[in-house]
Amino acid sequence: MDTVTFRNACGQFATGVTVITTIGPGGELIGVTANSFSSVSLAPPLLLFCLGRDATSFSTFQSIGHFAINVLHEDQKDDCMHFARVGDDGRKPFEGIDYETWDTGAPILSGCLANFECTTENIHDAGDHVIMVGRVNRMRAEGEGKPLIFHAGKFHQI
Ligand SMILES: Cc1cc2nc3c(=O)[nH]c(=O)nc-3n(C[C@H](O)[C@H](O)[C@H](O)COP(=O)(O)O)c2cc1C
């Protein structure tokens, strides 16, 4: 099967956009744009995202045991693009990014529609990605505003 055709077909499914964050063992802050977010279970409260094995942050997410999911507001396209690029040293600066920290130190981005702080529950092999399942320990949902939408490689507002 042609990979590009497959990717384009999958891209017909419209999604919101998240930035997944964590903090490395040396205190380095990490953020990755991801649209592969899904809710999984209400009791216990479980969420997932899929992480590419070639991500520079892969080994940190695999070993650190926690992460945060930040659901982007329609005004946060710049944050989306910032965390979608590979930084010069494999990391992206958090200078100029407005955030706070809760219990784990993972950045909780300001202005999001929702934020979830999770403990890693499972990591499942899935081809060239892994499925990261997180158990939500703390969350905030402002419920104000509209989401950033991603469809067919473009951003949209609803
Ligand atoms: C809209 C959008 C959605 C993305 N979704 C994912 C995703 O679900 N999983 C993933 O691994 N990468 C995804 N990416 C690509 C990563 O954000 C990108 O590869 C990033 O550089 C990875 O960070 P790292 O290499 O610093 O770890 C997405 C990019 C964009 C623009």
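In this chain, numbering begins with 1 at the start of the sequence shown. Numbering of ligands and ligand atoms starts at 1, following listing order. Just so we're clear, the structure is a prediction, and the values are computed from it rather than from any experiment.
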Engineer: Would you say C50 has any N or O atom under 3.5 Å from an N or O of ligand 1, going by distance alone?
Structural biologist: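 Yes.
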Engineer: Which of parallel (below 30°), tilted (30 to 60°) and perpendicular (above 60°) describes F94 and F83?
Structural biologist: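 Tilted: the ring planes of F94 and F83 meet at 30° to 60°.
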Engineer: Should the proximity of K92 to ligand 1, defined as any heavy atom under 4.0 Å, be assigned to the side chain, the backbone, both, or neither?
Structural biologist: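 Looking at K92 and ligand 1, just side chain atoms fall under 4.0 Å.
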Engineer: Can a side-chain donor-acceptor contact be found between H151 and Q12 if the only test is distance below 3.5 angstrom?
Structural biologist: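 There is such a pair (donor and acceptor under 3.5 Å, judged by atom type) between the side chains of Q12 and H151.
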Engineer: Which of the numbered atoms in ligand 1 are under 4.0 angstrom from any heavy atom belonging to R85?
Structural biologist: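 It comes down to these atoms of ligand 1: 21 (O).
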Engineer: F83 near ligand 1, heavy-atom distance under 4.0 Å?
Structural biologist: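 For ligand 1, residue contact (heavy atoms, under 4.0 Å) with F83 is present.
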Engineer: F150: heavy atom below 4.0 Å from ligand 1, yes or no?
Structural biologist: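 The answer is yes, since F150 has a heavy atom less than 4.0 Å from ligand 1.
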Engineer: I need the atoms of ligand 1 closer than 4.0 Å to a non-hydrogen atom of V86, numbered in the order shown.
Structural biologist: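 Under 4.0 Å from V86, ligand 1 has these atoms: 21 (O), 25 (O).
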Engineer: Walk me through whether N70 and T18 qualify under side-chain hydrogen bond (donor to acceptor under 3.5 Å, both in side chains).
Structural biologist: CA-CA 5 Å; N70 303 274; T18 70; over 6 Å; no
Engineer: Taking N or O atoms only and a 3.5 Å limit, does S36 qualify as a polar contact for ligand 1?
Structural biologist: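 In this structure, S36 places an N or O atom under 3.5 Å from an N or O of ligand 1.
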Engineer: Is E121 salt-bridged to R135, cutoff N-O under 4.0 Å?
Structural biologist: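 Answer for the salt bridge query: yes.
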Engineer: Assess whether a salt bridge exists between D125 and R53, defined as any Lys/Arg side-chain N lying under 4.0 Å from an Asp/Glu carboxylate O.
Structural biologist: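 Salt bridge flag = yes for R53 with D125.
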Engineer: Ring-plane angle category for F49 and F67, please: parallel below 30°, perpendicular beyond 60°, tilted otherwise.
Structural biologist: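 Perpendicular.
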Engineer: Heavy-atom contacts with L51 under 4.0 Å: which atoms of ligand 1 show up? List them by number with element.
Structural biologist: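 This gives 11 (O) as the contact atoms.
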Engineer: Would you say G52 has any N or O atom under 3.5 Å from an N or O of ligand 1, going by distance alone?
Structural biologist: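 In this structure, G52 places an N or O atom under 3.5 Å from an N or O of ligand 1.
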Engineer: Is the shortest N/O to N/O distance between V17 and ligand 1 below 3.5 Å?
Structural biologist: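 Between V17 and ligand 1 (N or O atoms, distance only) the closest approach is not under 3.5 Å.
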Engineer: Hydrogens and angles aside, do E100 and S110 bring a side-chain donor and acceptor to less than 3.5 Å of each other?
Structural biologist: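 Their side chains do not contain a donor-acceptor pair, so the 3.5 Å distance test is not met.
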